[in-house]
Amino acid sequence: MKLSIVGSGYVGTTIAGCFADLGHEVVNVDIDEEIVETINAGESPIHEPGLEELIATHAGETLSATTDYEAIHETDVTFLALPTPSNEDGSIDTGYIEAAAQSVGEVLAEKETPHLVVVKSTVIPGTTEELVANAIESTAGKRAGEDFHVAMNPEFLREGSAVTDFLEPHKIVLGTQDASARETLEAVYDPLREQAPGDPPVFATGIREAEMIKYANNAFLASKISLINDIGNICKEFDVDAYEVAEAIGLDDRISEQFLRSGVGWGGSCFPKDVDAIIAAATQAGYEPPMLEAAREVNDHQPTRMLELLDGHVDSTDKRVAVLGLAFKPGTDDTRNSRAIPIIQGLLDRDATVVAYDPVATANMQTHFPDIEYADSAARALEDASAALVVTDWDEFAALDTEFESMAEPVVIDGRRIIERREGIVYEGLTW
Ligand SMILES: NC(=O)c1ccc[n+]([C@@H]2O[C@H](COP(=O)([O-])OP(=O)(O)OC[C@H]3O[C@@H](n4cnc5c(N)ncnc54)[C@H](O)[C@@H]3O)[C@@H](O)[C@H]2O)c1
Ligand SMILES: O=c1ccn([C@@H]2O[C@H](COP(=O)(O)OP(=O)(O)O[C@H]3O[C@H](CO)[C@@H](O)[C@H](O)[C@H]3O)[C@@H](O)[C@H]2O)c(=O)[nH]1
């Protein structure tokens, strides 16, 4: 099939590369010329394992990119993979998706053949049927459900494993309001289902349900981490190892072993904004969700607890303090809502000299903190430091050993359980 994908960020580029690999003809539409040129040159605009290869293989053949919305005219289905960031009050900012939907409508005004517009972005229930459909109707001069169709197909991929997650999903949720839209979407996913291991289930549902499933998925996972962090904080008070506790409770299928790694908490472009957005939307609708508010509160407090552990060992005023890990998780250069941000800010508030290191995320963190020192290796960051705070669980940190010997004071505060306790360093785990 011929697919257009509007928005070529983490989600849009990943699904474009994958859909092209599955045999579809794909065009990415983005307003960012640099991204478009990068894709057309056969390169990936984001750091994501396996994506570079997919783009290199298909660019110039079944995959292309453009800033010109007219490209949508030649396609059957358009996915909207636009940002849905937070407003200042935490509520969803639908400005990008509305603007893109209007631009899609302008093209659909001149299109005679059937067209399906699929919202891939994470949006509050009602957004697809109301805001997106209305925006297209207003510029296309056509009727949703008659002249064109809308659908919602939430995405569950994780950064750092986006390609594998997309090609091997645990479920495919198709939110539609009519049979023709569902059949078209099923046809888009048929090649994926044929090759994916374990025949992933297709969950066909309504549009609003599909929108809510995405928030429920993320809210549940974020809350699970906050719950193990809450339990982990209790463990720390009683000198109990929260990781042993987690391993045991994870053996219960009803709990499951996943997302039980306690520490400095959840960051990234999704959990914080999506938890905020669903709390804001629910509150506006008349229900203040206490569990989700508590999950957020625990998460907001974990970096403070990490800094307090540091204070118990070192007065960091005018001392060099190493921050190991800047990405919000390993395997990505994304620093959006990384726990490293409140950690670095807390160190600066203490008048510490921050020396930060990350294998791939330095450039992105420089936009948040242009004036701190960035080291080109973990070893260099540790030199003469009076403490090290481990914020991201990159594998290479587990291999650090004699490097700690160059520290002025070998205090290591581990927020991710990645460093082994050993002689020669003063080691504090956040929840163990
Ligand atoms: N990042 C993830 O892991 C992930 C996973 C699942 C779902 N989501 C959701 O998917 C959506 C997209 O997230 P993302 O991380 O890919 O965003 P992103 O910020 O990485 O990419 C968005 C892209 O949209 C482009 N854009 C902005 N306005 C445009 C316009 N009017 N026309 C064309 N292009 C435009 C930007 O230039 C950018 O390249 C969000 O709703 C997010 O919550 C993200
Ligand atoms: O046991 C755990 C697991 C994760 N994290 C942290 O949680 C955050 C999010 O991690 P992860 O879920 O692996 O990454 P994301 O790429 O943000 O993916 C989440 O957000 C995406 C965007 O909505 C969804 O598509 C995915 O299903 C969902 O897992 C990171 O800061 C992790 O360090 C923990 O602290 N402990």
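Indexing begins at 1, ligand by ligand and atom by atom, following the structure's order. These numbers were taken from a predicted model, which means no experiment stands behind them.
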K.L.:
How about Asp395: does its CG atom have over 12 heavy atoms from other parts shown lying under 6.0 Å from it?
P.N.:
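Atom CG in Asp395 is not packed in, count stays at 12 or less.
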K.L.:
Regarding Glu211 and Thr128, do their side chains bring together a donor and an acceptor under 3.5 Å, going by distance alone?
P.N.:
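Note: Glu211 and Thr128 side chains meet the donor-acceptor criterion.
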K.L.:
For atom 14 (O) of ligand 2, which protein heavy atom lies nearest, and how many Å away is it?
P.N.:
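Answer, as residue, atom name and distance: Lys329 NZ, 3.1 Å.
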K.L.:
Within the 3.5 Å criterion, strictly below it, is a donor on Lys224 or Ser256 matched to an acceptor on the partner's side chain?
P.N.:
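Yes - a donor-acceptor pair under 3.5 Å links their side chains.
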K.L.:
Would Asp199 and Arg193 pass as an ion pair if we require N to O under 4.0 Å?
P.N.:
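Yes, charged N to carboxylate O under 4.0 Å.
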K.L.:
Backbone or side chain, does any N or O of Leu157 fall under 3.5 Å from an N or O of ligand 2?
P.N.:
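Yes.
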K.L.:
Could you tell me the residue and atom name of the protein heavy atom closest to atom 27 (O) of ligand 2, and the distance to it rounded to 0.1 Å?
P.N.:
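The answer is Phe156 O, 2.7 Å.
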K.L.:
How close do Gly105 and Thr139 get, counting heavy atoms only, and between which atoms?
P.N.:
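Distance-wise, the nearest heavy atoms are CA-OG1, 3.2 Å.
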K.L.:
Atom 30 (C) of ligand 1: which of Tyr69, Tyr96, Tyr10 has the nearest heavy atom?
P.N.:
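When every heavy atom of Tyr69, Tyr96, Tyr10 is considered, Tyr69 comes closest to atom 30 (C) of ligand 1.
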K.L.:
Show which atoms of ligand 1 fall inside a sub-4.0 Å distance from at least one heavy-atom site of Ile35.
P.N.:
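The list of qualifying atoms is 39 (O).
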K.L.:
Please check whether Arg158 reaches ligand 1 - meaning an N/O of the residue sits under 3.5 Å from an N/O of the ligand, judged on distance alone.
P.N.:
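The answer is no, given that Arg158 and ligand 1 share no N or O pair closer than 3.5 Å.
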K.L.:
Is it true that the side chains of Asn233 and Glu237 contain a donor and an acceptor less than 3.5 Å apart?
P.N.:
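On atom types as modelled, these side chains do not qualify, holding no pair under 3.5 Å.
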K.L.:
Heavy-atom distances under 4.0 Å decide this one: backbone, side chain, both or neither, for Leu82 against ligand 1?
P.N.:
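Near ligand 1, Leu82 shows its backbone as well as its side chain.
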K.L.:
May I ask whether Cys270 places a heavy atom under 4.0 Å from ligand 2?
P.N.:
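It does; at least one heavy atom falls under 4.0 Å.
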K.L.:
Below 3.5 Å, N or O to N or O, backbone or side chain included: is there any such pair between Asn218 and ligand 2?
P.N.:
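In this structure, Asn218 places an N or O atom under 3.5 Å from an N or O of ligand 2.
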K.L.:
To check your reading of the model: name the closest protein heavy atom to atom 21 (O) of ligand 1, its residue, and the distance in Å.
P.N.:
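The closest one turns out to be Gly9 CA, 3.1 Å.
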K.L.:
Has Arg336 got any heavy atom lying under 4.0 angstrom from an atom of ligand 1?
P.N.:
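In this structure, Arg336 qualifies as a contact of ligand 1 - some heavy atom is under 4.0 Å.
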K.L.:
Which bit of Leu157 is near ligand 1, meaning a heavy atom under 4.0 Å away: side chain, backbone, both or neither?
P.N.:
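Both backbone and side chain of Leu157 come within 4.0 Å of ligand 1.
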K.L.:
Quick check on Lys214 - does any of its heavy atoms sit under 4.0 Å from an atom of ligand 2?
P.N.:
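The answer is yes, since Lys214 has a heavy atom less than 4.0 Å from ligand 2.
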K.L.:
Tell me the protein heavy atom at minimum distance from atom 35 (O) of ligand 2, and give that distance in Å.
P.N.:
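Result for atom 35 (O) of ligand 2: Arg416 NH1, 3.1 Å.
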K.L.:
Need the ligand 2 atom indices (1-based, order shown) with element for anything under 4.0 Å from a heavy-atom of Glu155.
P.N.:
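It comes down to these atoms of ligand 2: 25 (O).
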K.L.:
Of the backbone atoms (N, CA, C, O) and the side-chain heavy atoms from C-beta on, which set of Thr332 has a member under 4.0 Å from an atom of ligand 2: side chain, backbone, both, or neither?
P.N.:
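Near ligand 2, Thr332 shows nothing, with every heavy atom at 4.0 Å or more.
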K.L.:
Can you find an N or O of Lys214 that's nearer than 3.5 Å to an N or O of ligand 1?
P.N.:
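No - when backbone and side-chain N and O of Lys214 are compared with those of ligand 1, no distance drops under 3.5 Å.
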K.L.:
Does the pair Lys329/Glu159 count as a salt bridge with the N-to-O cut at 4.0 Å?
P.N.:
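Salt bridge: no.
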K.L.:
Give a yes/no on ligand 2: does Thr122 have at least one heavy atom closer than 4.0 angstrom to it?
P.N.:
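False for this residue.
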K.L.:
Once you restrict to heavy atoms under 4.0 Å, what part of Val11 touches ligand 1? Side chain, backbone, both or neither.
P.N.:
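Under 4.0 Å from ligand 1, Val11 contributes backbone and side-chain atoms.
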K.L.:
Could you check whether atom CG of Asp239 has more than 12 heavy atoms from other residues, nucleotides or ligands sitting under 6.0 Å from it?
P.N.:
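Not buried by this count: 12 neighbours or fewer within 6.0 Å.
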K.L.:
Are any of the side-chain heavy atoms of Ile46 and Leu51 separated by less than 4.5 Å?
P.N.:
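They are in side-chain contact.
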K.L.:
Using a 4.0 Å cut-off to any heavy atom of Ser8, which atoms of ligand 1 qualify?
P.N.:
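Near Ser8, meaning under 4.0 Å from one of its heavy atoms, ligand 1 has 23 (C), 39 (O).
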K.L.:
Considering only protein heavy atoms, which is closest to atom 4 (C) of ligand 2, and at what distance to one decimal place?
P.N.:
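I find the closest protein heavy atom is Ile225 CD1, 3.5 Å.
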K.L.:
Can you tell me which portion of Ala162 lies within the under-4.0 Å heavy-atom range of ligand 1? Options are side chain, backbone, both, or neither.
P.N.:
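For Ala162, there is no contact with ligand 1 at all, from either part.
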K.L.:
For Phe271, is at least one N or O under 3.5 Å away from an N or O on ligand 2?
P.N.:
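For ligand 2, there is no N or O atom that lies under 3.5 Å from one belonging to Phe271.
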K.L.:
May I ask you to check whether over 12 heavy atoms, not counting those of Arg182, lie within 6.0 Å of atom CZ?
P.N.:
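12 or below, so no.
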K.L.:
Check the angle between the aromatic planes of Trp432 and Tyr243 and answer parallel, tilted or perpendicular using the 30° and 60° thresholds.
P.N.:
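Perpendicular.
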K.L.:
Looking at ligand 2, would Lys224 count as a contact under a 4.0 Å heavy-atom criterion?
P.N.:
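No, that is not the case, since the closest heavy atom of the residue is not under 4.0 Å from the ligand.
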K.L.:
Students should be able to answer this: which protein heavy-atom is nearest to atom 30 (C) of ligand 2, and at what distance?
P.N.:
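Protein heavy atom at minimum distance: Phe328 O, 3.6 Å.
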K.L.:
For ligand 2, which atoms have a heavy atom of Arg158 less than 4.0 angstrom away?
P.N.:
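Once the distances to Arg158 are compared, the set is 13 (O), 16 (O), 18 (O), 26 (C), 28 (C), 29 (O).
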K.L.:
Minimum heavy-atom separation for Asp93 to Ser86, with atom names?
P.N.:
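The answer is CB-C, 4.3 Å.
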K.L.:
Are Thr66 and Asp68 linked by a side-chain donor-acceptor pair shorter than 3.5 Å?
P.N.:
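No, Asp68 and Thr66 have no side-chain donor paired with an acceptor closer than 3.5 Å.
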K.L.:
What is the closest protein heavy atom to atom 12 (O) of ligand 2, and at what distance does it sit?
P.N.:
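Of every protein heavy atom, Phe259 CZ, 3.3 Å lies nearest to atom 12 (O) of ligand 2.
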K.L.:
What is the closest protein heavy atom to atom 1 (N) of ligand 1, and at what distance does it sit?
P.N.:
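Its nearest protein heavy-atom neighbour is Glu159 OE2, 2.9 Å.
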K.L.:
Does Gln195 have more than 12 heavy atoms from other residues, nucleotides or ligands lying within 6.0 Å of its CD?
P.N.:
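Enclosed.
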K.L.:
What heavy-atom pair brings Thr392 and Ala327 nearest, and what distance separates the two atoms?
P.N.:
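Closest heavy-atom pair between Thr392 and Ala327: OG1-O, 2.8 Å.
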K.L.:
When you measure from atom 1 (O) of ligand 2 to every protein heavy atom, which one gives the shortest distance, and what is it?
P.N.:
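Looking only at protein heavy atoms, the one closest to atom 1 (O) of ligand 2 is Arg261 N, 2.9 Å.
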K.L.:
Which is closest to atom 22 (C) of ligand 1 by heavy-atom distance: Gly12, Gly7, Ser269, Pro83?
P.N.:
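Going through Gly12, Gly7, Ser269, Pro83 one by one, Pro83 has the nearest heavy atom to atom 22 (C) of ligand 1.
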K.L.:
Mind checking whether Glu155 has an N or O less than 3.5 Å away from an N or O of ligand 1?
P.N.:
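In fact, backbone or side chain, Glu155 has no N or O that close.
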K.L.:
Tell me which protein heavy atom sits closest to atom 37 (O) of ligand 1, plus the residue, atom name and distance to 0.1 Å.
P.N.:
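Residue, atom and distance for the closest contact: Asp30 OD1, 2.7 Å.
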K.L.:
When you compare the side chains of Asn134 and Glu98, does any donor N or O come within less than 3.5 Å of an acceptor on the partner?
P.N.:
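There is no such pair between these side chains.
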K.L.:
Does ligand 2 have an atom that lies less than 4.0 angstrom from a heavy atom of Gly265?
P.N.:
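Contact check Gly265 vs ligand 2: positive.
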K.L.:
Under 3.5 Å, N or O to N or O, is Glu159 touching ligand 2 that way?
P.N.:
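Right, the criterion is met.
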K.L.:
Would one find an N or O of Lys120, backbone or side chain, under 3.5 Å from an N or O of ligand 1?
P.N.:
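In fact, backbone or side chain, Lys120 has no N or O that close.
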K.L.:
Please report which non-hydrogen protein atom sits nearest to atom 9 (C) of ligand 1, along with the residue it belongs to and the distance in Å to one decimal place.
P.N.:
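Ranking protein heavy atoms by distance from atom 9 (C) of ligand 1, first comes Thr122 OG1, 3.6 Å.
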